[in-house]
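Data block below; observations after.
Worth knowing before you read on, the calculation uses all heavy atoms, side chains too, and leaves out hydrogens, waters and symmetry mates.
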Amino acid sequence: QVQLVESGGGLVQAGGSLRLSCTGSGRTASTYGMGWFRQAPGKERTFVAAINWSGRSTSYADSVKGRFTISRDNARNTLYLQMNSLEPEDTAVYYCAARQSRYLSDTKEEYANWGQGTQVTVSS
């Protein structure tokens, strides 16, 4: 079992940037594929970005391609999401997740471990 803790959310104006972090407990956390998902009020949780265990393979939702970058530092057991050119439509609670596989996935049902979420609010 991996415990995940997100940080870095907040309020930002449209066009601004934020960097989210997610720290995982346990030395095996660095061997897992990980992802970011988000959930806006009244909507389902949706895929944002994913990364494999080594960081060499990534995947993004079409809505964030070219604006968001997922990365990881396995020495620090930390996952990042750099978010640039933020839009009001990016407003949501952002969750990091880990799956018990080295490979990435864009399917939330394939992730067994979730953080508590961090709120991102983008004002227009």
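For the pair Val5/Gln116, a side-chain contact is recorded, criterion being any heavy-atom separation below 4.5 Å from C-beta on.
Of all heavy-atom pairs between Tyr60 and Ala49, the closest is CD2-CB, 3.6 Å. Listed here is the closest heavy atom pair of Phe37 and Asp106: CE2-O, 4.0 Å. Nearest heavy-atom pair, Leu104 versus Ser59, reported as atom, atom and distance to 0.1 Å: CD1-CB, 3.9 Å. Taking every heavy atom of both residues into account, Ala50 and Tyr111 meet most closely at CB-OH, 3.7 Å.
Taking SG of Cys96 as the start and CZ of Arg38 as the end, the distance is 15.5 Å to the nearest 0.5 Å. Summarising the geometry, atom CG belonging to Leu81 is positioned 8.5 Å from atom OG belonging to Ser71; distances are rounded to the nearest 0.5 Å. Separation of atoms CZ (Arg72) and OG1 (Thr58) is listed at 12.0 Å; rounding is to 0.5 Å.
The neighbour count for Arg76 CZ, taken as heavy atoms of other residues, nucleotides or ligands under 6.0 Å away, does not exceed 12. Within 6.0 Å of the CD atom in Glu87, the count of heavy atoms belonging to other residues, nucleotides or ligands exceeds 12.
Taking the side chain to side chain contact (heavy atoms under 4.5 Å, CB included) definition, one finds that Thr91 meets it with Gln119, Thr121, Val122, sequence neighbours left out.
Looking at Gln39, Met83, Glu6 one by one, the single match for side-chain contact (heavy atoms from CB on, under 4.5 Å) with Tyr94 turns out to be Met83. Under the side-chain contact (heavy atoms from CB on, under 4.5 Å) rule, Cys22 has a single partner from Thr78, Leu79, Thr118, which is Leu79.
Without hydrogens or angle criteria, Ser25 side chain to Val2 main chain gives no donor-acceptor distance under 3.5 Å. With hydrogens and angles disregarded, no donor-acceptor distance shorter than 3.5 Å links the side chain of Thr107 to the backbone of Glu109. With Gln82 contributing its side chain and Ile70 its backbone, the two residues share no donor-acceptor pair below 3.5 Å. Of the possible donor and acceptor atoms, one in the side chain of Asn52 sits under 3.5 Å from a partner among the backbone N and O of Gly55.
Under the 4.5 Å side-chain heavy-atom criterion for grouping Ile, Leu, Val, Met, Phe, Trp and Tyr, Phe68 is not connected to Tyr95 through any hydrophobic cluster. If you chain together hydrophobic residues whose side chains sit under 4.5 Å apart, Val120 and Met34 fall into the same group.
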* Show your working on side chain to side chain donor-acceptor pair (under 3.5 Å) between Glu110 and Ser105 and close with a plain yes or no. => CA-CA 7 Å; Glu110 295 188 3; Ser105 172; 2.8 Å; yes

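Residues Trp36 and Phe47 keep their aromatic ring centres 6.0 Å or farther apart.
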Kindly list each side-chain donor-acceptor pair under 3.5 angstrom involving residues 7-20, sequence neighbours excluded, with atom names and distances?
| from | atom 1 | to | atom 2 | distance (Å) |
| --- | --- | --- | --- | --- |
| Ser17 | OG | Asn84 | OD1 | 2.9 |

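A cation-pi geometry, defined here as NZ or CZ lying under 6.0 Å from the six-membered ring centre and within 45° of its normal, does not hold between Arg99 and Trp53.
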